[in-house]
Amino acid sequence: RLFLRSAEPGTASVYLTADNALFFIQRKFKEYLQEGTVSLLNGRVVLSGKYRLFGRYTPFYASGRLRVREGRYIDLVEPTAFMQDSLLPPSLMTKVLEQLNPVVDVASDLHLQGIFTPTSLDIANDVVRVDGKLTVPLADTHRSLFSTKE
C-alpha cells in the first residue's frame with residue numbers, strides 16, 4: 001500500500017458535455033423536471049422540457065449563464081424562462097431560481113468538499129469547463145502506516 005500524506009494544491013479542470021449536464025440535472029431535479037434537453041450555446045446553458053410548478057408539469061424553455069459562487073456552488077444566473085411560450089415574470093422567475101440554485105453543490109452533490117474547489121467556469125464549443133483548485137486531503141494522522149487487519 002502507498003499512502004499519500006499530503007501534496008501541494010494544484011489546478012484541475014472538469015469538462016461536461018450537454019449529455020453529462022442533462023444526466024446530472026435529471027437526477028438532481030427529478031421532482032421538478034421531465035423530458036429535459038440541454039444545449040450549451042454562446043456561453044449559456046439552454047434547458048427545455050416539462051417543469052413542475054404549482055403541482056403540475058408545464059412545457060418550458062430556459063436559458064442562463066452559470067457562475068461559481070463561494071468556491072462551492074454553481075448557480076444559474078441571468079435567466080430567461082418561458083412557460084407555454086409566455087415569458088415568466090420576475091417574481092415567478094425568483095421562485096424558480098430558489099428551487100434550482102445551487103445547480104451544483106460541490107459538497108452535497110459531488111462529495112468533493114476540500115478536494116475540488118471551483119474557481120471559474122466557461123461554456124464554449126458545446127462543453128462546460130469548470131476550473132478549480134485540486135487538493136489531496138490530509139491523511140488521517142491516527143492511522144498507522146503499517147496497520148494490520150484484525
Please tell me if the side chains of Phe24 and Leu16 come closer than 4.5 Å, counting only heavy atoms from C-beta onward. no
Closest non-hydrogen contact found for Leu76 with Leu97 is O-CD2, 3.8 Å
Value for NZ (Lys50) from CZ (Arg56), rounded to nearest 0.5 Å, stands at 11.0 Å
Between Val14 and Phe116, does the side chain to side chain contact (heavy atoms under 4.5 Å, CB included) criterion hold? Intermediate values first, please. CA-CA 10 Å; Val14 177; Phe116 181 69; 4.0 Å; yes
| query | Linking I/L/V/M/F/W/Y whenever any side-chain heavy atoms sit under 4.5 Å apart, do Val106 and Tyr73 land together? | reply | no
Side-chain contact, heavy-atom cut-off 4.5 Å: Leu40 with Val45?
-> yes
Exercise for review: Would you kindly confirm whether Leu88 and Phe29 end up in one hydrophobic cluster when ILVMFWY residues are joined by side chain heavy atoms under 4.5 Å apart?
Suggested key: yes
CD (Gln34) and OG1 (Thr58) are apart, to the nearest 0.5 Å, by 10.5 Å
Any donor-acceptor pair under 3.5 Å linking the side chain of Arg44 with the backbone of Glu78? yes
Closest heavy-atom pair, Phe60 versus Leu47, reported as atoms and distance to 0.1 Å, is CE1-O, 3.5 Å
Rounded to the nearest 0.5 angstrom, the CD-CG distance for Glu31 and Leu33 is 9.5 Å
| Do the side-chain N and O atoms of Ser63 and Thr80 include a donor-acceptor pair separated by under 3.5 angstrom? | no
| If only atom types and distance count, is the side chain of Lys133 paired as donor or acceptor with the main-chain N or O of Thr119 below 3.5 Å? | no
OG1 of Thr17 to CG of Asp126, rounded to nearest 0.5 Å, is 9.5 Å
Is there a path of hydrophobic side-chain contacts, each under 4.5 Å between heavy atoms, that joins Leu92 and Tyr32?
yes
In terms of heavy-atom contacts, Lys28 and Val103 come closest through NZ-O, 3.1 Å
Just wondering, more than 12 heavy atoms not from Tyr57 lying within 6.0 Å of its OH? yes
Shortest non-hydrogen pair, Pro9 vs Thr135, comes out as CB-OG1, 4.0 Å
In short, Val96 meets Tyr51 closest at the heavy-atom pair CG1-OH, 3.7 Å
- prompt: Does one hydrophobic cluster hold both Leu110 and Val130, with members joined at side-chain heavy-atom distances below 4.5 Å?
  reply: yes
Correct closest heavy-atom pair for Met93 and Ala81 would be SD-CB, 3.6 Å
(message) Check for me, please, whether Ile25 and Val127 land in the same ILVMFWY cluster - side-chain distances under 4.5 Å, paths through other members count.
(response) no
Interatomic distance, OG1@Thr117 vs CD@Glu70, rounded to 0.5 Å, equals 12.5 Å
CG (Asn125) and CG (Leu41) are apart, to the nearest 0.5 Å, by 11.0 Å
Donor-acceptor contact below 3.5 Å, side chain Asp131 vs main chain Ser120: no
- Query: Has the side chain of Arg72 got a donor or acceptor atom that lies under 3.5 Å from a matching backbone atom of Gln113?
  - Reply: no
